[in-house]
Protein chains: 2
Amino acid sequence: MITNKNCIIRLSRYKNALYRLQALGFVKVFSDNLADAVSGTASQVRKDFSIFGISGNKKGGYQIDSLLEKLNSILGKDQLQKVIVVGAGHIGSALMRYRGFEKEGIKIVAGFDIDPAKINRSSFVPVLPLDEAKAFIKTHSIRIAILAVPDIAAQQATDIICASGIKGILNFAPLGLKGTEGCIINNVNLEIELENLIYFVNVTEKTR
Amino acid sequence: MITNKNCIIRLSRYKNALYRLQALGFVKVFSDNLADAVSGTASQVRKDFSIFGISGNKKGGYQIDSLLEKLNSILGKDQLQKVIVVGAGHIGSALMRYRGFEKEGIKIVAGFDIDPAKINRSSFVPVLPLDEAKAFIKTHSIRIAILAVPDIAAQQATDIICASGIKGILNFAPLGLKGTEGCIINNVNLEIELENLIYFVNVTEKTR
DNA sequence: ATCATATTGTTCCATTTTTCACAATAACAA
DNA sequence: TTGTTATTGTGAAAAATGGAACAATATGAT
């Protein structure tokens, strides 16, 4: 099994680059074209493909359409991914309104919040009481949740949705959550991303 | 020079964990406490510290307050970091309203947008025309920008702010930006994060 | 048909990152 | 004081990752 997160991220980037190339009218692509497009190396492109049994043609490169098919299948993009958002604050609401997911086959089907004032069953993405999350997750077979609640509420919310059958959480709470058995957690911590950036900006400024 | 991004991210996590421990009344901490708190290993905690010349006491662990001081200094948190947001759409606006940055010494001082309808000079975080970005960046010595514009506008916006003296960009546009000389770009790609999560959820589901 | 060329697929090597293991030693107990 | 114990700090081993190189080979030219 592949456990290299970076490798999977690269597959996503290849996929995105391929759509751009396709839109420009290209039909086939070489490993070094893709490498350029994602700022990588041609060896790595080929090795990434080889890991997943994707092969091209000697001297002929890769056929973009079939390559996209394979990548999309690996990335689970051959089916609509239904996702819920837990927490309808600033970030949560923005994610529910964000249209960028649609073209990626990711559909936010509902939001959940504890605050009655946030509930709105008739909005484009309905916002429901957290109490109803468990039933909703089961009824709609939801596997992925985006967690955008304040840090104090994060672990509790995690426990609830994990117990309801959620298999993967994209966590925006500024806190490392304890991974529950059978549930994968990816943390997107904006504060930490910024700190990281600040660190490297400072370092490169000092050393120049 | 330390170029290991993961290492710096771990420093941020240690720092956050230390604040939590401090809030619980702890005064000193051992490497394995910290390891538990961030789901890492004690060796790695010690090695990370050793890389930055942070030392503790044999049998006495680390003094939390002095440890925090050192980490904060490394992470550039001993001074207020002024940040601008470029793009006042859903994500950009949510970030401007997000209060989580404040306690991290990160202050969003202004937003910028091309759309005149988005301009609001009197809001808590003023939203100004993109035209004014260059002057603003120079006047206020801004080094860090958060980029939250649609993908088509991303490269152009990047060029503008890089040319204005921005040294680091946290990019939310779903597109790998070409790194301009002297400007570091960290990408936060929500679609890719979700795809990644979906991949690993699928894989672990299949192998069980 | 033969040759030259371009590009893949994979093996091997270098580098980076993580983990292990243990000597050094500070704190504490008797 | 002496001994015991807990914990650090680090050097060496191991694992993971990335990159270079090249044999294999399909394509197209002559």
Side-chain angles (χ1 to χ4, degrees), chain A residues 1-14 17-18 21 26-68 70-71 74 176 179 192 196 199-200 203, chain B residues 1-14 17-18 21 26-68 70-71 74 176 179 187 196 199-200 203:
Chain A
M1 192 183 77
I2 306 302
T3 49
N4 183 346
K5 184 174 165 168
N6 287 335
C7 176
I8 309 301
I9 289 179
R10 283 195 300 268
L11 293 191
S12 286
R13 293 200 203 286
Y14 300 148
L18 285 168
L21 290 170
F26 288 92
V27 171
K28 64 181 191 180
V29 69
F30 303 118
S31 56
D32 66 332
N33 302 142
L34 268 176
D36 285 351
V38 305
S39 307
T41 67
S43 298
Q44 186 150 60
V45 172
R46 295 198 298 274
K47 187 180 280 186
D48 285 339
F49 288 173
S50 133
I51 287 170
F52 289 94
I54 295 175
S55 55
N57 311 301
K58 295 250 156 75
K59 206 169 171 188
Y62 303 83
Q63 210 66 20
I64 291 183
D65 55 2
S66 90
L67 187 49
L68 271 171
K70 284 167 188 150
L71 290 176
I74 292 165
I192 287 183
N196 198 265
Y199 171 82
F200 283 105
V203 167
Chain B
M1 190 184 79
I2 305 303
T3 49
N4 183 343
K5 183 173 166 168
N6 287 333
C7 175
I8 309 301
I9 288 180
R10 284 195 299 269
L11 293 190
S12 285
R13 293 199 203 287
Y14 300 149
L18 287 168
L21 290 168
F26 289 92
V27 172
K28 64 181 189 180
V29 68
F30 303 117
S31 57
D32 65 332
N33 302 141
L34 266 177
D36 286 351
V38 304
S39 307
T41 67
S43 303
Q44 187 151 58
V45 171
R46 295 200 298 274
K47 180 149 284 185
D48 286 339
F49 287 174
S50 128
I51 286 170
F52 289 95
I54 296 175
S55 56
N57 311 301
K58 297 251 155 77
K59 205 169 172 188
Y62 303 82
Q63 210 67 20
I64 291 183
D65 54 1
S66 91
L67 187 49
L68 271 172
K70 283 169 190 149
L71 290 176
I74 292 166
N187 295 297
N196 198 266
Y199 171 82
F200 283 106
V203 167

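Residue numbers start from 1 in every chain, and the chains themselves are labelled A, B, ... in the order their sequence lines are given, proteins ahead of strands.
The side chain of B/Ser50 contributes no N or O atom lying less than 4.0 Å from OP1 or OP2 of D/dG9. In this structure, B/Ser43 does not reach the C/dT19 phosphate: none of its side-chain N or O atoms is under 4.0 Å from OP1 or OP2. Using a 4.0 Å cut-off, no side-chain N or O of B/Arg46 falls inside it from OP1 or OP2 of C/dT19.
The residue A/Asp32 sits apart from the nucleic acid: no heavy atom pair falls under 4.0 Å. Backbone-only contact: B/Ser31 has heavy atoms under 4.0 Å from sugar-phosphate atoms and none from a base. Across all strands, A/Phe49 comes closer than 4.0 Å to no nucleic acid atom at all (heavy-atom distances).
Each of B/Asp65, B/Asn33, B/Ile64 was compared with B/Leu18 under the side chain to side chain contact (heavy atoms under 4.5 Å, CB included) criterion, and only B/Ile64 meets it.
B/Lys47 places its NZ atom 9 Å from the P atom of D/dG11, with the value rounded to the nearest Å. Between the C1' atom of C/dT5 and the CZ atom of A/Phe30 lies a distance of 12 Å, rounded to the nearest Å. In this entry the distance linking NZ of B/Lys5 with C1' of C/dT18 reads 19 Å, nearest Å. Whole-Å rounding puts the B/Asn4 CG to C/dT15 P distance at 17 Å. Remark: P of C/dT8 and CD1 of A/Ile51 are 16 Å apart, rounded to the nearest angstrom. Between B/Ile54 atom CD1 and D/dG9 atom P there is a gap of 10 Å when expressed in whole angstrom units. Atom CD of B/Gln44 is separated from atom P of D/dA12 by 20 Å (rounded to the nearest Å). One interatomic measurement links the two molecules: CG of A/Asp48 to P of C/dG9, which rounds to 13 Å at whole-angstrom precision.
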_Between A/Ile2 and A/Asp48, is the side chain to side chain contact (heavy atoms under 4.5 Å, CB included) condition met? List the steps._
CA-CA 11 Å; A/Ile2 306 302; A/Asp48 285 339; over 6 Å; no
_Between A/Tyr14 and A/Leu68, does the side chain to side chain contact (heavy atoms under 4.5 Å, CB included) criterion hold? Intermediate values first, please._
CA-CA 9 Å; A/Tyr14 300 148; A/Leu68 271 171; over 6 Å; no
_Chi angles and distances behind the side chain to side chain contact (heavy atoms under 4.5 Å, CB included) call for B/Ser12, A/Tyr199_ = CA-CA 10 Å; B/Ser12 285; A/Tyr199 171 82; over 6 Å; no
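Taking every side-chain heavy atom of B/Lys59 into account, C/dC28 is the closest of C/dT19, D/dG28, C/dC28. Closest to the side chain of A/Tyr62, out of C/dG9, D/dG9, D/dG18, is C/dG9.
Across the interface with DNA chain C, nearest-nucleotide mapping of B/Cys7 and B/Lys28 shows B/Cys7 to be the residue nearer the 5′ end. Each of A/Arg10 and A/Asn57 was assigned the nucleotide of DNA chain D with the nearest heavy atom; the assignment lying further toward the 5' end belongs to A/Arg10.
Judged by distance alone, with hydrogens and angles left aside, B/Lys58 brings no side-chain donor or acceptor close enough to the base of C/dT25 to form a pair under 3.5 Å.
Looking only at distances, a side-chain donor or acceptor of B/Asn4 sits under 3.5 Å from a matching main-chain atom of B/Cys7.
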